[in-house]
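So the structure is just underneath, and the comments pick up after that.
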Amino acid sequence: MTNHWIDIQNSDCILIMGSNAAENHPISFKYVTKAMEKGAPLINVDPRFTRTSAKADIYAALRSGTDIAFLGGMIKYILDNNLYNKEYTAAYTNASFLVDESFGFKDGLFSGYRKNSGDGPSMGGYDKSSWAFQMDDKGIPRMDKTLKDKHCVFQLMKKHYERYDIDTVVKVTGTAGKDLLKVYETYTATGKTGKAGTIMYAMGWTQHTVGTQMIRTMAMIQLLLGNMGVAGGGVNALRGESNVQGSTDHCLLWHIWPGYLKTARASNDTLEAYNKKYTPKSNDPLSANWWQNYPKYSVSLLKSFFGDKAIPENQFGYTWLPKVDDGAVYSWFDLFDAMYKGNLEGFFAWGQNPACSGSNASKIRKALEKLDWMVNVNIFDNETGSFWRGPGAEPSKIGTEVFMLPASVSVEKEGSITNSGRWMQWRYQGPKPLGNSRPDGDIIMELGHRIKEKYKASDGVFKHPILNLKWDYETNGAYDPHKAAKEINGYFVKDVTVKGKLCKKGTLVPSFAWLQADGSTSSGNWLYCNSYTEKGNMSARRSKKDAANNIGLYPEFAWCWPVNRRILYNRASVDPKGHPWDDKQWVIKFAGESKDGKYTSKKWLGDVPDGGWYPLENPDGTRRSDAKQPFIMRKHGFGQIFGPGRADGPFPEHYEPLECPVEKNYFSSRMVNPTAVVYSTKEDGHASCDPRFPFVGTTYRVSEHWQTGLMTRPQKWLMELQPNVFVEMSEELAKLRGIKNGERVLVSSARANLECTAIVTKRFKPFTIGYATVHQVGIPWHYGWRWPATGTEESANLLTPPAGDPNTRIPETKAFMVNVTKL
Amino acid sequence: MKLDRRDFMKFSGAAAAGIAVSGLGFDLKPVKSHAGMLKTRYAKETTTICCYCAVGCGAIVHTSKRGDGRVINIEGDPDHVINRGALCSKGSSLKQLTENENRLTEPMYRAPYSDKWQTVSWDWALDKIAERVKKTRDTSFETTNAKGQTVNRTTRMASVGSAAMDNEECWIYQALMRSLGLVYVEHQARI
Ligand code: SF4
């Protein structure tokens, strides 16, 4: 979330799309309701009439996977009706940038497309050279602030979304035209200065072959309407797991190192080359270009990895860390593809249940059989650890040895987690670990010690990283979360003078502005630098006192990254002179002194500003040369309406899901995202427009269960509330198939069959797509054979497809094709 | 006059001195909540954050100071600024997650081709795992790739998880995996 949960109360209009927050993030509705009480309309767009829809002022149905069409139509509506926030768009976004004259878009393809004719799951990619911005002779992007130049982003966007007229959108999404217009009209009213609209989305947007671009379409709308950086605005991903934000920040992902640093590629042969490659350069003195600090963060990270052993002579241990091949991808899908092909020997699963959570789960279950060994760390036995005795598995033929390690639950240990609003919150130990279970921290420490001992005691390859890994996060022989938390924050590792102040060796670094690239500081994650300082553990704070702006920031309750800033990009919540766009619900405001129409001292009130520089303009309207543009993480300092970084295009474009019910994409002759990834072993079947699988399928969650259900299915109350995997369908479809409410039925896809209980409701309605009637069904994905003990309730991910988004490789589990038949 | 819950506690004279300061100002000590006053006096009170979704609701855990030392009750924390005491169906059943007869309490091992689990000791399990890791790593380690570039990695071992760990655990976990040379490191954020 760029904003946070409480801030939703400040919104003037809430759009919930790609999420069912009322059921899946129930307490968020405390703040949705508060905003509604103050008059904010709630809009919900969803294939199904959910409990969120029931609370909404406006509900619009759409077919799964057509959100870009829906939102592209909103962009066109904004532009056609002049509803964009002109001042904001011109001042803070790249709408005025001129794009290379060779940039183009034709029939679903941007310029530079190359089909993948070789190996690998990617369907194709782009040579992005024609997507570049035009630069002036100083190396600064050329702009046309009148937004009239035909090569400027604004005009290119206008042209791109010309095709997204109401009729075409309706034909694709199946939404009623009047509902579409009502949504557009209501939401775009937040384009007025002083009004804020927010978007709450979740996996309903990420889990598509065009997932990243669905979110980007909304980000573009938020920029056009001036909704970024302001209270009650932002782009808000409702994250589904208590610490999925923190675990992402610490980068338990193949492509990034803690703090979103890049995993080194094989071609980055030295630390210098690595830093050079990933440190962006801007020639614009008005661009903060925050990532110019990259080397300070990477060197400090290496100091945390290897402590005293990281010295300039050995590039701070840079060569000890593994490198990934250039152009190669090692994501979830690829990992299990490699495992299925027999290319892996050993596997750890820590608090995760891939046998139920991964798309096309039967391939994953088969892949596990090919392993030599597996370590499964969990609170409960699960379908992953016990895969060898699951349905259809023959233990006598499975040679994988499995170690099952019992972990403690969260209340039995101490440490912090980071919520969706980026708040790092400390928790304490209540009871001791049950039985012989252990906190993950103790298991990891002990395993590390044992591996180190084995490498110390005998021969082994490339011992340096293992022997030199700093591994002292313990007190009296037990894992100590405070020591790890301090390392994440970082230390001065020698006496050093920074900003004219002597910082003593061994003291904690106050914030990332103090980190150094010369090895004098350590920091396990620069984004968390400031979380645990000489003042103490910031995440443990509990003050209920609000900030001066009184908008619910609670700056001394817990701690928020970065540097306790509660609303990201908050410099965009003020005009170029530093006055808030919204005087009542302001986030920050400039309060420096001025003389003769010029600011003479710096002072900001409210939230921690996104950099404490002067405003862009003086009170008399003259531009300052010592100011910075508000989007400080972007190279040029502007919000990106044109996003050349994406794999599938600088503007989002509607493509159909890999499996879809229509034979035609009304926007181009390209059916599927031409850069999507699709896997191709014999377990990776898929079928589009196939009469065997005539209905759209999607997955979702219910309040009573959580994710694969592993932490809820073994519980009595929750299991009693939601005992069965069900398939929800419309009355019309039930009639068509002769299915009665409560009957067991068979749902099948090109991958597998799943027995479900039929739930016949008015919540699904058939769609009219083009000229055809299309039915959609939905299945919660919380089940698996291990719990309940009957073994009859299985995972919906057995059905889901082997395809994913080209940017993230997140699977398309929200739109696929199925059949439903009576058993 | 409008009274919030804390004011009410003060007015009713129920707030003890230590508790009165805990929610006000900057206090780094583990927090004792006044809500505990209403609970049994033989319980230790600690605050926690719900382990399910990422709203980050606060809860109060009451743990018995006598007998088995187990959880007596877990309920919403009225002093938490996000949830103000409310919890959803999952948060409300946190106690059943903790005190659950289905939990794993001993390390277990399944031998190749076996049809059963056997209970093993931590010492044995961790030692064997360390052995497997070393063997797989040593036999598969690539110092250079096909192009001859230095890579220092293994692609024959993978690790997935965990959004279920605390931040501090996540950090030491990824440090260990990366020091071993793993490149297949993935977790919940990818799916
Ligand atoms: S109580 Fe419910 S809403 Fe709150 S964090 Fe837990 S799961 Fe999320």
Side-chain angles (χ1 to χ4, degrees), chain A residues 26-27 239 241-244 246-248 250 252 266 322-324 330 332 335 345-348 350-352 373 395 399 401-402 404 406 409-411 415-416 419-420 425 427-428 430-431 435-436 440-441 444 448 450-451 454 461 465 469 481 484-485 488 524 536 554 557 703-704 706 714-715, chain B residues 28 30-31 46 48-49 51-52 54-57 61 63 70 81 83 88-89 93 96 98 102 104-108 110 112 115 125-126 130 132 134 136 138 141 149 151 153 156-173 176 179 181 183-184 186-190:
Chain A
I27 303 301
R239 307 210 64 177
E241 307 220 8
S242 61
N243 199 33
V244 74
S247 55
T248 307
H250 296 305
L252 313 189
K323 311 288 182 296
V324 292
Y330 304 79
W332 177 275
L335 185 168
E345 262 171 44
F347 178 63
F348 288 92
W350 301 82
Q352 192 169 13
W373 57 267
E401 59 175 350
V402 186
M404 178 99 87
V409 301
S410 56
V411 301
S416 74
N419 78 2
S420 205
Q425 306 194 81
R427 344 186 246 203
Y428 299 89
N436 253 331
D440 293 276
I444 296 159
R450 299 223 177 197
I451 295 170
K454 292 209 186 290
V461 297
L469 178 68
I488 290 168
Y554 302 107
F557 193 96
S703 278
E704 295 77 11
W706 189 69
Q715 291 190 42
Chain B
L28 293 170
V31 170
T46 48
T48 193
I49 305 297
C51 61
Y52 290 106
V55 171
C57 298
V61 183
T63 306
R70 299 307 305 168
V81 297
N83 60 312
C88 77
S89 50
S93 52
Q96 280 195 10
T98 314
N102 293 322
L104 292 167
T105 54
E106 298 291 341
M108 296 196 295
R110 183 258 174 182
D115 62 358
L126 288 171
R132 304 292 183 272
K134 183 166 188 300
T136 298
D138 286 354
F141 202 78
Q149 296 162 316
V151 291
R153 68 178 180 216
R156 290 187 72 80
M157 244 191 296
S159 188
V160 302
S162 181
M165 286 184 198
D166 290 350
N167 284 319
E168 299 71 27
E169 294 170 331
C170 285
W171 196 89
I172 61 166
Y173 157 79
L176 179 63
S179 79
V183 290
Y184 282 124
E186 286 279 276
H187 88 299
Q188 281 90 342
R190 187 74 69 195

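Quantities reported herein were computed from a predicted structural model and do not represent experimental measurements. Letters go in sequence order (proteins before strands), and every chain restarts at 1.
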Closest-packed option against chain B by number of heavy-atom pairs under 4.5 Å, given A:G430, A:G246, A:G435: A:G430
Least distance between heavy atoms, B:P112 atom then A:G399 atom: CB-O, 3.2 Å
Interface residue of largest heavy-atom contact number with chain A, from B:S89, B:S179, B:C57, B:A189, under 4.5 Å: B:S179
Residue among B:R153, B:Q96, B:M108, B:M157 with most heavy-atom pairs under 4.5 Å to chain A: B:Q96
Chain B contacts, top residue of A:T248, A:V402, A:V324, A:V244 (heavy-atom pairs, under 4.5 Å): A:V402
Residues A:D440, B:Y173; criterion side chain to side chain contact (heavy atoms under 4.5 Å, CB included); working and verdict: CA-CA 9 Å; A:D440 293 276; B:Y173 157 79; over 6 Å; no
Choice from B:M165, B:K134, B:Q149 maximising heavy atom contacts with chain A below 4.5 Å: B:K134
Winner by heavy-atom pair count (cut-off under 4.5 Å) against chain B, out of A:P26, A:S410, A:G524: A:G524
Distance (rounded to the nearest 0.5 Å) between A:R427 CZ and B:T46 OG1: 11.5 Å
B:E186 side chain to A:W332 backbone, donor-acceptor under 3.5 Å: yes
Distance-minimising heavy-atom pair for A:A484 and B:I172: CB-CG2, 4.2 Å
Side-chain donor or acceptor of B:W171 paired with backbone N/O of A:I488 under 3.5 Å: no
CD on B:Q188 to CH2 on A:W350, rounded to 0.5 Å: 13.5 Å
Residue part contacting chain B, namely of A:L469, when any heavy atom lies under 4.5 Å: side chain
Point-to-point distance, once rounded to the nearest 0.5 Å, from CH2 of A:W706 to SG of B:C51: 6.5 Å
Spatial distance of atom OG (A:S703) from atom OH (B:Y52) [nearest 0.5 Å]: 13.0 Å
Residue selection (most heavy-atom pairs with chain A, distance under 4.5 Å) from B:A158, B:C88, B:G56, B:P107: B:A158
Nearest atoms (heavy-atom pairs only) where B:A54 meets A:R239: CB-O, 3.0 Å
Between CD on residue A:E241 and NE2 on residue B:H187, distance to nearest 0.5 Å: 8.0 Å
Closest-packed option against chain A by number of heavy-atom pairs under 4.5 Å, given B:D138, B:V61, B:T63, B:V183: B:D138
Evaluation steps, side chain to side chain donor-acceptor pair (under 3.5 Å), between A:N243 and B:N167: CA-CA 7 Å; A:N243 199 33; B:N167 284 319; 3.3 Å; yes
Taking every non-hydrogen atom, the tightest pair across B:A164 and A:G351: CB-O, 4.0 Å
Residue part contacting chain B, namely of A:Y554, when any heavy atom lies under 4.5 Å: side chain
Candidate pair B:I49 and A:N419, rule side chain to side chain contact (heavy atoms under 4.5 Å, CB included), full reasoning: CA-CA 9 Å; B:I49 305 297; A:N419 78 2; over 6 Å; no
Heavy-atom closest contact (A:P431 atom, B:R70 atom, distance): CB-NH1, 3.8 Å
Minimum heavy-atom distance between B:R110 and A:P395, given as atom pair plus value: NH2-O, 3.0 Å
Inter-residue atom distance B:E169.CD - A:S416.OG, 0.5 Å rounding: 9.5 Å
